[in-house]
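Bear in mind the structure is a predicted one, so any value in this text is a computation, not a measurement.
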2 protein chains.
Amino acid sequence: MSTADRLVESTRELLWERGYTGTSPKAILRRAGAGQGSMYHHFTGKQDLALAAIRRTAAELRAAAEAQLSGPGTAQERVTAYLRRERPVLRGCPIGRLTQDPDVMADPELRAPVEETLDWLRERLAEVLDEGRGSGEFAAALDARATAAALVAALQGGYVLARASGSEAPFDQAVTGVLALLAAHTTDPGT
Amino acid sequence: MSTADRLVESTRELLWERGYTGTSPKAILRRAGAGQGSMYHHFTGKQDLALAAIRRTAAELRAAAEAQLSGPGTAQERVTAYLRRERPVLRGCPIGRLTQDPDVMADPELRAPVEETLDWLRERLAEVLDEGRGSGEFAAALDARATAAALVAALQGGYVLARASGSEAPFDQAVTGVLALLAAHTTDPGT
DNA sequence: GTCTATAGTAGGATAGAC
DNA sequence: GTCTATCCTACTATAGAC
């Protein structure tokens with residue numbers, strides 16, 4: 001892995017652990033095993049490096065979600081697979097956490113990938129729900145957009161509750177709870 | 001308002017806006033219109049001041065929730081009233097946001113009120129749901145704890161989505177979505 | 001490309017005058 | 001109680017040698 005790649009990876013880890021404000025260039029360099037010169041040679045500064053890190057993390061999150069949502073199975077099964085996918089719950093969502101970082105939200109460049117990723121996720125989930133609604137899998141009255149927002153919020157909020165309590169249990173409960181509610185809107189999918 | 005109170009209020013605002021790591025004593029003093037001497041006279045330092053601020057915010061959140069949840073109406077109505085209560089959505093949850101602050105979570109004293117508040121909220125909501133289940137308002141099969149977790153997560157996650165998109169819409173959608181799902185588990189409450 | 005040296009600003013706390 | 005002065009460390013970036 002090149003020095004530039006190591007810098008981006010270290011930045012991704014630290015942004016996840018400590019956020020943008022809580023991450024110093026010095027900490028990044030220490031973790032990457034690089035000197036100041038390397039960083040300022042490959043990137044213009046902390047913001048530029050964070051931008052590369054956030055973009056990569058956003059792309060990964062999107063690809064991981066797409067893998068579940070466009071996989072095999074009914075709409076219900078794909079939604080369930082996505083929500084129930086194994087996650088590092090106590091570490092939280094590497095994109096969602098940036099939402100709490102005032103310096104990220106105040107910078108249009110840093111903010112854009114965060115906004116796009118979460119907006120895309122809601123929209124993509126709504127598509128799958130709509131699919132299931134069209135095929136008679138879900139009740140016709142189901143509001144795909146509102147339900148999609150509720151599902152993504154259950155995940156994001158589940159992370160918050162889990163971190164607060166220091167246990168994965170609340171996350172699992174939130175996912176179980178929202179899926180149980182959704183099941184009431186499910187008609188028998190047939191085969 | 002005393003100087004000590006102004007310091008606590010300024011700290012509450014800044015913790016909400018910028019988090020613990022992103023808030024410096026200097027910024028607190030500027031906002032409170034006080035000098036360094038005042039702060040270190042009334043408090044031992046940043047951590048002590050933050051502790052007072054977090055405790056007060058936690059108490060307020062709890063009182064506000066209790067007002068809705070122990071108010072008049074059916075369980076369904078009280079839950080709806082709590083979820084639909086007017087909120088400063090784009091500012092986020094002043095307690096939930098601390099969950100993303102590594103320095104808060106690493107400090108047992110600062111962390112305790114965050115953990116207690118969110119744990120209490122889930123439990124209190126579960127009680128109301130159980131009440132409604134007992135009175136036949138909700139389906140007997142409803143898992144009160146899981147549903148409570150899903151509802152609180154919808155709020156906390158709704159904040160995240162709203163901040164990401166820069167609009168209150170995703171928050172409202174998440175609340176609408178989860179309440180619509182819950183409605184399917186509702187039997188006619190009668191009178 | 002990478003290193004060390006340097007610099008200016010801010011963070012967090014202490015000391016002592018008033 | 002509050003103020004100013006002071007201290008040490010960290011943050012973020014630049015300069016210039018290798």
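In this entry the distance linking CG of A:Asp48 with P of D:dT14 reads 12 Å, nearest Å. Rounded to whole Å, atom C1' of C:dA5 lies 13 Å from atom NZ of A:Lys26. D:dT12 atom C1' lies 10 Å from atom OH of A:Tyr20, rounded to whole Å. As rounded to whole Å, 4 Å separates atom P of C:dA13 from atom OH of B:Tyr40. Counting to the nearest Å, the C1' atom of C:dT14 and the NZ atom of B:Lys46 are 18 Å from each other. The distance from atom CG of B:Leu29 to atom C1' of C:dA10 is 13 Å, rounded to the nearest whole Å. Atom pair A:Leu14:CG and D:dC11:C1' shows a separation of 15 Å (rounding to whole Å applied). Computed from coordinates, the B:Asp103 CG to C:dG11 P distance equals 14 Å when rounded to whole Å.
A donor-acceptor contact closer than 3.5 angstrom is absent between the side chains of B:Thr99 and A:Arg163. B:Ser165 and A:Asp119 form no side-chain donor-acceptor contact under 3.5 Å, judged by distance and modelled atom types alone.
Nearest-nucleotide positions on DNA chain D place A:Ala27 closer to the 5' end than the other of A:Ala27 and A:Thr44.
Of the inter-residue distances, the one linking A:Asp48 atom CG with A:Tyr40 atom OH reads 11.0 Å to the nearest 0.5 angstrom.
The shortest distance between the side-chain N/O atoms of A:His41 and the OP1/OP2 oxygens of C:dC3 is not below 4.0 Å. Using a 4.0 Å cut-off, some side-chain N or O of A:Ser38 falls inside it from OP1 or OP2 of C:dC3. For the OP1/OP2 pair of C:dT2 and a distance below 4.0 Å, the side-chain nitrogens and oxygens of A:Thr3 include at least one atom meeting the criterion.
When heavy atoms are screened at a 4.0 angstrom cut-off, B:Thr21 is found touching no nucleic acid atom at all. B:Thr23 comes within 4.0 angstrom of the backbone, heavy atoms only, and of no base.
In this structure, of D:dA13, C:dA13, C:dG12, it is C:dA13 that holds the atom nearest to the side chain of B:Gln36.
Judged by the 6.0 Å and 45° rule, A:Arg87 forms a cation-pi pair with A:Tyr82.
Of the options A:Arg31, A:Arg56, A:Arg91, a salt bridge (Lys or Arg N to Asp or Glu O under 4.0 Å) to A:Glu13 is made by A:Arg31 and by none of the others.
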